[in-house]
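Below: the structure, in structure tokens.
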2 protein chains.
Amino acid sequence: MGSPYHQFCPVAKATELLDGRWTLLVIRELLSGSRHFNDLRRGVPKMSPALLSKRLQELVRAGVVERRDDGREVAYLLTPAGEELRPVVESLGAWGTRWVGELGDADLDPKLLLWDLHRNVDSDLLPPGRTVVTFRFLDVPAKERDWWLVLTAAAVDVCDFDPGYDVAVSVTGTLRELVLVWRGDLDWFQALRSGTLTVQGPEQLRRALPGWFPPSRFAAVPRPDAGVLA
Amino acid sequence: MGSPYHQFCPVAKATELLDGRWTLLVIRELLSGSRHFNDLRRGVPKMSPALLSKRLQELVRAGVVERRDDGREVAYLLTPAGEELRPVVESLGAWGTRWVGELGDADLDPKLLLWDLHRNVDSDLLPPGRTVVTFRFLDVPAKERDWWLVLTAAAVDVCDFDPGYDVAVSVTGTLRELVLVWRGDLDWFQALRSGTLTVQGPEQLRRALPGWFPPSRFAAVPRPDAGVLA
DNA sequence: CGGTATCCCCGTCGATACTG
DNA sequence: CAGTATCGACGGGGATACCG
């Protein structure tokens with residue numbers, strides 16, 4: 001919680017709670033369904049655990065988050081007040097989508113992208129059984145270049161090492177390109193046609209893959225120029 | 001602009017721009033129509049001018065604000081991108097209204113309240129000519145206890161000194177009470193009935209006064225319990 | 001009116017390591 | 001898995017004064 005503004009305006013009172021660094025991103029993670037400390041960390045990997053812990057305590061004190069400890073594990077849950085922050089985060093994300101298009105190289109974190117993709121897998125469209133997809137990012141240092149996604153109806157696992165299963169499909173391209181697809185700045189088919197992103201594997205799986213990985217919830221936000229054309 | 005989060009998520013990119021201290025309140029002021037530096041200052045009186053200046057420059061760089069200098073005066077205007085922050089500020093204010101009810105004494109700034117009231121005067125309901133209304137806050141140190149509002153169809157002026165005109169109506173009560181009325185936590189008639197707020201003057205003007213001072217735009221936000229009863 | 005200039009402090013945050 | 005502990009730097013921003 002930032003220091004007080006000494007204003008009675010509700011915008012000020014809300015901002016007091018929310019303008020601390022990382023706070024809104026933690027709430028974004030909670031809204032997107034993460035409940036455990038280490039899951040939250042994966043959504044904000046550059047945030048130190050100490051600060052995450054502090055932010056969570058602040059949010060608990062503010063009545064936005066409930067910490068539920070059942071002895072075996074701890075869960076952080078949004079209270080009704082916290083859940084009602086969804087419109088704030090949504091409008092912020094929609095605005096960011098429309099008006100903050102340019103991404104620096106430092107904004108492109110493969111770990112985060114895989115974490116996002118994994119959360120959004122449309123398991124209804126998966127083949128039965130286990131499907132392993134690899135991602136290779138040509139513009140990324142070797143250490144973070146290769147990723148494996150192990151997809152089943154029950155769960156999706158992200159690995160930064162070869163889990164040993166047969167690989168069904170491989171996606172190759174630049175990290176930037178795949179991030180643009182995720183954000184909806186580009187769609188799968190544009191990216192594939194332009195050749196900067198390639199998918200290898202049996203035809204049927206290649207065709208199905210875009211369906212497994214639907215873009216971010218903000219992908220559908222109309223871009224500033226859309227209205228002019230329509 | 002805060003330091004970067006190094007995330008490609010649009011919520012993060014938007015937050016980078018907006019999570020600096022005071023930034024959202026400056027935008028609130030711009031959205032509510034203030035265009036000049038010193039008008040903006042009145043809306044964020046506790047902010048140092050140096051910081052306000054810095055924030056405005058950041059917002060200009062971010063494409064949210066346009067600084068227009070015509071040689072005689074400088075105007076800060078929201079760009080289309082800036083105007084589109086309205087939903088963010090509105091949802092934030094609505095949330096604050098619902099979930100951050102308790103106000104500390106330090107949140108009660110008479111100057112700010114008068115500034116808000118003055119911006120919202122419904123001049124259609126004013127009597128013809130000039131009407132002077134005084135406010136006396138019983139719970140406030142002498143220096144900030146008495147205020148004058150000079151109302152005409154053309155303009156509304158706030159004074160912290162007696163401007164010398166005849167006073168038509170006087171409002172007396174605690175600052176807290178009037179802030180609650182402004183926020184919509186209490187309505188004029190409740191406050192008057194309870195006697196903690198009193199209005200003195202000719203009957204007709206006394207009756208008309210609540211109409212001159214409509215509550216904040218957030219007053220109509222339904223409170224958390226409202227749904228239960230309806 | 002519309003800002004700059006400066007100073008300095010204190011709190012925030014990042015980094016790193018470690019624990020039950 | 002779920003955090004604490006510690007430490008240091010830096011820079012944000014509060015205060016105050018001043019200029020065109």
Side-chain angles (χ1 to χ4, degrees), chain A residues 1-7 12 15-26 29-30 33-61 65-77 106 109 115 155 157-158, chain B residues 1-7 12 15-26 29-30 34-62 65-77 106 109 115 155 157-158:
Chain A
M1 190 139 49
S3 40
Y5 287 114
H6 299 309
Q7 296 203 178
T15 301
E16 268 177 27
L17 170 66
L18 299 172
D19 70 355
R21 187 157 164 76
W22 292 106
T23 303
L24 277 164
L25 302 190
V26 172
E29 286 305 300
L30 290 162
S34 292
R35 304 156 49 104
H36 300 292
F37 194 84
N38 286 328
D39 284 346
L40 291 166
R41 285 193 67 178
R42 282 179 203 104
V44 284
K46 300 255 187 349
M47 186 183 191
S48 84
L51 186 53
L52 173 57
S53 173
K54 183 182 169 196
R55 286 286 182 268
L56 288 168
Q57 291 174 36
E58 289 169 359
L59 292 172
V60 168
R61 271 197 300 124
V65 167
E66 180 198 351
R67 181 184 192 276
R68 190 173 296 173
D69 183 349
D70 72 354
R72 293 220 316 277
E73 59 178 15
V74 177
Y76 292 95
L77 306 170
D109 181 341
W115 181 246
D157 290 316
V158 183
Chain B
M1 187 141 50
S3 42
Y5 286 115
H6 299 310
Q7 295 203 178
T15 301
E16 269 176 27
L17 171 66
L18 300 172
D19 70 356
R21 187 158 163 77
W22 293 106
T23 302
L24 276 164
L25 302 189
V26 172
E29 286 305 300
L30 290 162
S34 292
R35 304 156 49 102
H36 300 292
F37 194 85
N38 286 328
D39 284 346
L40 291 166
R41 285 194 68 176
R42 281 179 204 105
V44 284
K46 301 253 188 345
M47 186 184 191
S48 83
L51 186 53
L52 173 56
S53 173
K54 183 182 168 193
R55 285 286 182 268
L56 288 169
Q57 291 173 33
E58 289 169 359
L59 293 172
V60 168
R61 271 195 300 123
V65 167
E66 180 197 351
R67 181 185 193 274
R68 189 174 295 175
D69 182 350
D70 72 354
R72 295 218 317 276
E73 60 177 18
V74 177
Y76 292 95
L77 307 170
D109 180 341
W115 181 246
D157 290 316
V158 183

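As a basis for the values below, the full set of heavy atoms in this structure was taken, side chains included, without hydrogen atoms, waters or symmetry mates. Proteins get letters first, then strands, A, B, ... in listed order; numbering begins at 1 in each.
Atoms CG and CG, on Leu56(A) and Leu40(A) in that order, are 6.0 Å from each other to the nearest 0.5 Å. Note: Arg35(B) CZ to Glu73(B) CD = 8.0 Å, rounded to the nearest 0.5 Å.
Of all heavy-atom pairs between Pro45(B) and Gln7(A), the closest is CD-OE1, 4.1 Å. The minimum heavy-atom distance between Asp19(B) and Glu16(B), with the atom names listed, is OD1-O, 3.7 Å. When all heavy atoms of Ala12(A) and Leu25(B) are compared, the pair lying nearest together is CA-CD2, 3.7 Å. Across Trp22(B) and Leu51(B), no two heavy atoms sit closer than the pair CD1-CD2, 3.6 Å.
Scanning residues 33-43 of chain A for heavy-atom distances under 4.0 Å to DNA chain C yields an empty list.
Electrostatic pairing of Glu58(A) and Arg55(A) counts as a salt bridge here, judged by a charged N lying under 4.0 Å from a carboxylate O.
Here chain A contacts DNA chain D (any atom closer than 4.0 Å to a heavy atom, that is under 4.0 Å), and the contacts span dC1(D) to dA5(D) from 5' to 3'.
In this structure, the CG atom of Asp19(A) is 11 Å from the P atom of dT12(C), given to the nearest Å. If you take CZ of Arg55(B) and P of dG3(C), they are 16 Å apart, rounded to a whole angstrom. A straight line from CG of Leu51(B) to P of dT6(C) spans 18 Å, rounded to a whole angstrom.
Mapping Ser48(A) and Ser48(B) onto DNA chain C by nearest heavy atom places Ser48(B) closer to the 5' end of the strand.
Cation-pi geometry between Arg21(A) and Tyr5(B) is satisfied (NZ or CZ under 6.0 Å from the ring centre, within 45° of the ring normal).
Distances shorter than 4.0 Å separate none of the side-chain N or O atoms of Arg21(B) from OP1 or OP2 on dG11(C). Of the side-chain N and O atoms in Gln57(B), one or more sit less than 4.0 angstrom from OP1 or OP2 of dT4(C).
Using a 4.0 Å heavy-atom criterion, one finds that Lys54(B) contacts the sugar-phosphate atoms exclusively.
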